[in-house]
Amino acid sequence: MRILVVGAGAIGGYFGGRLLQAGRDVTFLVRPRRAGELASAGLVIKSPNGDVTLRDPPTVQADALKDKFDVVLLSCKAFDLDDAIKSFAPAVGPNTAIIPMLNGMKHLDVLDAKFGKERVLGGLCAIAATLNEKREVVQLQPMQSLNYGERDGKLSDRVKAIDEAFKSGINGATASQNIMQDMWEKWVFLSSLAASTSLMRTSVGNILAAPGGRDFLLGMLDETSAIATAAGYPPGGPFFERVKGNLTAEGSPMTASMFRDIKAGLPVEADHVIGDLIARADAAKVPVPKLRIAYTHLKAYEKQRAG
């Protein structure tokens with residue numbers, strides 16, 4: 001099974017690196033700068049689950065990509081999706097399975113329109129990882145998971161084959177027969193955390209310590225959950241209680257990566273993560289006043305950054 005990992009940043013570098021470490025046929029589609037870094041220093045992973053340095057990992061750049069691959073693992077940010085599609089399109093053949101690990105749902109429509117729905121699986125990952133100043137992949141916490149599956153819930157032969165390959169190198173790799181539910185549940189949690197910590201510009205613990213903070217956080221979760229429910233994917237019992245616990249943990253330093261990107265002056269996925277939720281809320285006539293304020297805040301940040 002030939003696997004093309006689009007990018008070798010924190011997420012693609014980690015999961016692709018673990019597959020390469022396990023002896024799988026992995027190639028990284030990278031830009032020239034990253035290709036040079038990997039050629040000189042290798043792909044370095046620093047992790048509570050074990051460090052590894054992979055010398056001369058197989059790489060290809062977009063202008064030289066001609067071969068077809070069995071699996072494309074896609075982990076870009078939403079605002080880079082169009083450029084990513086152009087770069088990996090030559091690798092997609094009649095039997096290629098694309099596994100996107102982006103947040104939200106909007107990317108599925110974009111990928112379906114370009115490649116056909118039959119080539120696009122559902123997918124999501126959970127990992128806290130970053131690139132350090134040495135451009136090494138650093139996993140910040142031991143927790144990790146990677147889920148993938150047919151969007152109609154069937155356990156197909158191709159998903160079984162992908163599962164066998166991924167499980168050989170990635171702890172927490174799981175074929176899901178409820179991948180759309182999984183993706184919606186992650187979106188509910190992520191959007192609640194991102195909207196809250198970005199709007200308040202601080203951690204969950206500090207929001208909870210403020211007057212009205214708990215009601216604000218739970219109100220945001222209620223709004224996002226109502227949108228998921230209207231779409232036919234109500235958050236499940238154990239998941240909802242776990243998320244609720246994360247958003248009501250006193251003293252918690254938890255923030256969303258979106259908030260950290262704002263602090264660093266970086267682009268954010270305002271439209272993909274929050275704006276698309278509001279559009280779905282409008283279509284279902286679900287009131288989301290808190291989410292609207294957070295979205296206005298994010299768009300104002302984008303305007304300031306562009307200016």
Side-chain angles (χ1 to χ4, degrees), residues 3-22 24 26 28-30 34 38 43-54 57 71-78 80-81 84 98-104 107 121-132 134-149 162-163 165-176 179 182-194 197 203-204 239 242-243 245-247 252-261 264 266 268-269 272-273:
I3 303 167
L4 181 70
V5 178
V6 181
I11 294 176
Y14 183 83
F15 288 120
R18 290 305 190 194
L19 289 171
L20 187 62
Q21 184 184 6
R24 293 299 176 180
V26 174
F28 294 94
L29 174 58
V30 292
R34 188 62 171 148
L38 295 175
L43 176 57
V44 181
I45 297 174
K46 303 287 188 182
S47 165
N49 299 312
D51 298 346
V52 65
T53 297
L54 301 161
V71 177
V72 174
L73 197 60
L74 177 61
S75 64
C76 67
K77 291 283 193 180
D80 288 330
L81 180 59
I98 301 169
I99 303 177
M101 296 187 290
L102 288 76
N103 297 313
H107 60 279
L121 299 180
L124 70 152
C125 68
I127 186 170
T130 188
L131 290 182
N132 65 13
K134 296 180 181 177
R135 306 286 286 172
E136 299 167 334
V137 177
V138 179
Q139 186 179 11
L140 304 172
Q141 300 169 0
M143 175 276 300
Q144 63 186 47
S145 65
L146 176 62
N147 295 65
Y148 36 83
I162 291 168
D163 194 43
F166 281 20
K167 272 181 160 55
S168 69
I170 300 170
N171 291 330
T174 306
S176 172
I179 194 66
D182 298 340
M183 291 173 67
W184 266 101
E185 290 189 348
K186 182 184 179 185
W187 197 9
V188 164
F189 170 60
L190 175 77
S191 58
S192 299
L193 180 66
T197 60
S203 66
V204 166
F239 162 79
R242 186 169 68 251
V243 166
N246 288 334
L247 292 177
S252 171
M254 181 183 291
T255 61
S257 59
M258 185 180 288
F259 166 59
R260 297 192 293 274
D261 288 341
L266 299 173
V268 294
E269 297 177 306
H272 196 78
V273 173

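- Taking NZ of Lys186 as the reference point, atom CZ of Phe239 lies at 10.5 Å (rounded to 0.5 Å).
- Under the side chain to side chain donor-acceptor pair (under 3.5 Å) criterion, Gln139 pairs with Tyr14, Ser47, Asn49, Gln144, not counting sequence neighbours.
- Atom OG1 in Thr174 sits 10.0 Å away from atom CG in Leu124 (nearest 0.5 Å).
- The closest side-chain heavy-atom distance from Arg18 to Asn171 is not below 4.5 Å.
- Scanning all heavy atoms of the two residues, the minimum distance from Val26 to Gly16 falls at CG1-O, 4.0 Å.
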Subject >> Pair Val243-Glu185, side chain to side chain contact (heavy atoms under 4.5 Å, CB included): steps then yes or no >> reply: CA-CA 9 Å; Val243 166; Glu185 290 189 348; over 6 Å; no
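- Residues passing the salt bridge (charged side-chain N to carboxylate O under 4.0 Å, His left out) test with Arg34, sequence neighbours excluded: Glu37.
- Distance alone, capped at 3.5 Å, places no donor-acceptor pair between the Trp187 side chain and the Asn103 backbone.
- In this view, Thr255 and Arg260 satisfy the side chain to side chain donor-acceptor pair (under 3.5 Å) rule, not counting sequence neighbours.
- Ser192 is linked by a side chain to side chain donor-acceptor pair (under 3.5 Å) to Thr224, counting only residues two or more places apart in sequence or in another chain.
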**OP:** Could you walk me through whether Cys76 and Leu102 pass side chain to side chain contact (heavy atoms under 4.5 Å, CB included), step by step?
**Re:** CA-CA 7 Å; Cys76 67; Leu102 288 76; 4.2 Å; yes
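- Distance check, rounded to the nearest 0.5 Å: NE2 of His107 to NE2 of His272 gives 5.5 Å.
- Put simply, the side chain of Leu121 does not reach to within 4.5 Å of the side chain of Ile179, judged on heavy atoms.
- Inter-residue side-chain proximity for Val137 and Leu131 is flagged as met; some heavy-atom pair is nearer than 4.5 Å.
- Contacts of Ala22 classified as side chain to side chain contact (heavy atoms under 4.5 Å, CB included), with partners at least two apart in sequence or in another chain: Ser168.
- The distance from atom CG of Leu29 to atom CG of Leu73, rounded to the nearest 0.5 Å, is 12.0 Å.
- Residues Phe28 and Gly13 approach most closely at CE2-CA, 4.3 Å, considering heavy atoms.
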Original post:
Does the pair Val71 and Ile99 meet the rule for a side chain to side chain contact (heavy atoms under 4.5 Å, CB included), with working shown?
Top reply: CA-CA 7 Å; Val71 177; Ile99 303 177; 3.9 Å; yes
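- No side-chain N or O of Ser176 forms a donor-acceptor pair with one of Asn147 less than 3.5 Å apart.
- The CD1 atom of Ile170 sits 10.5 Å away from the CD atom of Gln21 when rounded to the nearest 0.5 Å.
- Here the closest non-hydrogen pair linking Met254 and Phe189 is SD-CZ, 3.9 Å.
- The side chain to side chain donor-acceptor pair (under 3.5 Å) test applied to Asp163 returns Tyr148, Lys167, not counting sequence neighbours.
- Leu146 and Cys125 get closest at one heavy-atom pair: CD1-CB, 3.9 Å.
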**OP:** Apply side chain to side chain contact (heavy atoms under 4.5 Å, CB included) to the pair Asn246 and Leu193, showing each step before the final yes or no.
**Re:** CA-CA 9 Å; Asn246 288 334; Leu193 180 66; over 6 Å; no
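- Rounding to the nearest 0.5 Å gives a distance of 9.0 Å between OG of Ser191 and CE of Met258.
- The minimum heavy-atom distance between Ser75 and Met101, with the atom names listed, is CB-CE, 3.5 Å.
- Residues Met183 and Gly122 come closest through the heavy atom pair SD-CA, 3.8 Å.
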